[in-house]
Amino acid sequence: MDFDTIAAISTPMGEGAIAIVRLSGDQAIPIAEKLFKSKSGKKLSEMATHTIHYGHLVDPNSGQVIEEVMLSLMRGPKTFTKEDVVEINCHGGIVSVNRVLQLVLNHGARLAEPGEFTKRAFLNGRIDLSQAEAVMDLIRAKTDRAMNVALGQMEGRLSKLIQRLRQEILEILAHIEVNIDYPEYDDVEEMTHTMLLPKANHVREEIKKLLQTSQQGKILREGLSTVIVGRPNVGKSSLLNSLVQENKAIVTDIPGTTRDVIEEYVNVRGVPLRLLDTAGIRETEDIVERIGVERSRQVLKEADLILLVLNYSDELTKEDENLFEAVKGMDVIVIVNKTDLPQKIDLERVMELASDYKLVTTSLKEDQGVDELEEAIASLFFEGSIEAKDVTYVSNSRHIALLNQSLKAIEEAIEGVEIGTPIDIVQIDLTRTWELLGEIIGDSVHESLIDQLFSQFCLGK
Ligand code: GDP
Ligand code: ZN
């Protein structure tokens with residue numbers, strides 16, 4: 001395909017000091033040629049592909065040296081976009097990288113839209129749709145762990161599982177098809193309801209498994225929504241501040257990705273927490289008083305994690321007890337704050353109330369106990385069923401929606417089998433399952449069925 005040449009700033013994850021301007025397209029090398037003076041004096045067009053060169057960017061209009069850079073030259077199709085790609089590494093930080101971007105834009109490149117490099121990789125057939133979406137998630141990924149999820153998916157794990165599942169369905173479909181279309185092939189056993197049921201059940205179980213991992217994937221990508229509750233003045237704001245200060249959010253400089261970050265986002269020992277920046281949720285003072293135990297339970301139930309703060313130097317009140325009532329059964333960490341002040345709280349009663357939860361004491365004023373709190377958050381999370389490796393996390397809402405639809409379709413097929421609906425009617429639901437799964441990886445071509453017919457039964461020989 002023919003596209004114009006695009007450029008954008010892309011900063012690699014975890015290497016904040018270096019910024020890169022990336023160009024992709026037919027004109028990537030000619031544009032860079034106009035601007036780059038290599039130390040060796042050689043021209044880019046004479047240099048081998050996948051090589052890195054040291055030199056200077058010079059504004060051809062003024063002759064002025066703009067930047068000292070390292071330039072990577074990669075000729076298509078062995079690149080991410082399959083096009084010619086030039087990456088200009090600037091070590092001068094964000095100001096100089098913007099200057100470099102301006103320079104390439106003034107000399108023939110167009111500013112890429114967010115995700116446009118990935119879109120090209122998809123359109124040029126380099127990656128499939130689920131991989132493209134994983135890259136988009138990667139761009140938005142705000143913590144290392146979320147990034148690993150995105151990476152795993154990018155490697156095509158999800159695609160492989162979906163492909164395997166579709167293959168199973170395809171074999172059933174081909175079998176039914178051959179029964180219907182080629183009744184004279186009597187050496188092909190007829191697909192019966194009894195034969196079909198275990199196969200369809202298996203497909204359903206596999207789809208369910210994928211959906212189960214989606215909950216976790218979602219948490220990792222978006223962060224555990226975390227609510228800090230407690231009576232007024234116990235130290236909720238102080239807690240929020242100390243969590244935000246100690247765990248700076250990871251933000252990328254890729255254009256178009258930072259502007260939709262609206263929540264407070266912190267990374268506590270690899271656990272992403274999303275402290276919702278919405279009045280009344282991030283800091284819920286008096287919530288039980290205001291809206292009652294039942295209602296507050298509903299509000300709090302939306303949260304993945306509750307941080308319940310008590311005041312060490314104050315008596316336990318009815319309001320505190322109400323809070324425990326409201327958070328019953330949820331993931332809770334109880335924080336007894338202000339231990340630098342004289343004790344007034346009944347600790348025995350607190351331990352009773354908090355017997356199902358982790359309990360941490362802090363003095364936020366003196367910066368005590370925050371480490372223990374972070375440890376508690378991390379262990380609460382990792383004690384769970386989290387398996388960082390070898391698990392496909394379905395973390396994309398479009399995938400989740402399609403998986404849910406395909407689950408429904410296969411369940412309808414199974415229901416049909418169970419009540420003895422004719423096989424060629426059941427076939428319709430099976431086909432729909434297969435197509436819906438195909439949409440996840442951007443492939444729903446009927447030709448595969450034809451190919452399958454030929455390879456599975458050697459028809460038309
Ligand atoms: P919130 O109303 O629950 O959000 O409580 P704040 O975080 O606003 O804190 C209320 C007051 O308690 C502020 O003056 C804080 O400085 C103070 N405070 C917070 N944590 C501690 C602590 O550990 N020890 C002491 N002595 N004061 C604290
Ligand atoms: Zn406050």
Side-chain angles (χ1 to χ4, degrees), residues 223-249 262-269 271-293 295-328 330-351 353-354 357-380:
L224 297 162
S225 70
T226 303
V227 180
I228 303 173
V229 293
R231 283 192 287 128
N233 224 35
V234 293
K236 295 183 298 297
S237 299
S238 310
L239 176 61
L240 181 88
N241 289 339
S242 91
L243 284 174
V244 170
Q245 270 163 25
E246 294 203 3
N247 305 283
K248 285 234 177 66
I262 44 168
E263 308 96 339
E264 299 269 13
Y265 204 93
V266 298
N267 179 350
V268 174
R269 309 202 179 179
V271 181
L273 299 188
R274 183 168 46 111
L275 303 161
L276 293 176
D277 204 358
T278 326
I281 291 187
R282 162 165 127 183
E283 189 183 323
T284 327
E285 295 183 351
D286 270 333
I287 182 168
V288 183
E289 185 103 315
R290 230 173 43 232
I291 59 180
V293 173
R295 180 78 187 92
S296 46
R297 257 193 84 75
Q298 270 164 23
V299 172
L300 296 175
K301 233 168 42 197
E302 308 279 303
D304 297 310
L305 176 64
I306 310 273
L307 302 179
L308 194 163
V309 189
L310 301 171
N311 188 343
Y312 180 80
S313 74
D314 199 357
E315 313 252 335
L316 212 53
T317 67
K318 180 76 185 129
E319 212 179 325
D320 292 322
E321 303 244 2
N322 282 346
L323 272 177
F324 276 100
E325 191 60 33
V327 300
K328 205 171 248 169
M330 301 177 197
D331 276 324
V332 182
I333 295 175
V334 177
I335 296 143
V336 183
N337 185 41
K338 305 203 187 186
T339 52
D340 55 290
L341 297 177
Q343 176 182 356
K344 282 197 187 154
I345 202 167
D346 178 354
L347 268 182
E348 242 167 73
R349 177 67 187 141
V350 171
M351 301 229 255
L353 287 166
Y357 312 127
K358 286 183 191 292
L359 179 71
V360 180
T361 57
T362 59
S363 165
L364 294 169
K365 188 184 171 200
E366 300 192 335
D367 209 13
Q368 300 266 315
V370 180
D371 273 351
E372 286 78 4
L373 172 61
E374 294 189 354
E375 198 54 52
I377 292 171
S379 63
L380 194 66

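Just so you know, ligand 1 is whichever comes first in the structure, and atom 1 is the first atom listed for that ligand. Worth saying up front: this structure is predicted, and the values here are computed from it rather than measured.
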Options [options], ranked by nearest heavy atom to [atom], top entry:
{"atom": "atom 18 (N) of ligand 1", "options": "Lys338, Gln368, Lys365", "value": "Lys338"}
{"atom": "atom 20 (N) of ligand 1", "options": "Leu240, Thr339, Asn337", "value": "Asn337"}
{"atom": "atom 11 (C) of ligand 1", "options": "Asn233, Val234, Asp340, Leu239", "value": "Asn233"}

What pairs with Glu372 under salt bridge (Lys or Arg N to Asp or Glu O under 4.0 Å), at least two apart in sequence or on another chain?
->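 Glu372: no salt bridge (Lys or Arg N to Asp or Glu O under 4.0 Å) contacts found.
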
Given side chains that start at C-beta, do those of Leu323 and Ile306 come closer than 4.5 Å, heavy atoms only?
->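 Of all side-chain heavy-atom pairs linking Ile306 with Leu323, none is under 4.5 Å.
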
Under the side-chain contact (heavy atoms from CB on, under 4.5 Å) rule, collect the residues that match up with Ala376, sequence neighbours excluded.
->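 Ala376 satisfies side-chain contact (heavy atoms from CB on, under 4.5 Å) with Ile333, Lys358, Val360 once adjacent residues are dropped.
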
List every atom of ligand 1 that sits less than 4.0 Å from any heavy atom of Leu341, numbering the atoms from 1 in the order shown and giving each element.
->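 The list of qualifying atoms is 26 (N).
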
Provide the number and element of each atom of ligand 1 under 4.0 Å from a heavy atom of Lys236.
->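 Those qualifying, in numeric order: 1 (P), 2 (O), 3 (O), 4 (O), 5 (O), 7 (O).
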
Do you know the tightest heavy-atom contact between Tyr312 and Leu347?
->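 Nearest pair, atom of Tyr312 first, then Leu347: CE1-CD1, 4.3 Å.
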
Does the distance from a Lys or Arg side-chain N to an Asp or Glu carboxylate O, for Asp314 and Lys338, drop under 4.0 Å?
->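 Lys338 and Asp314: not salt-bridged.
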
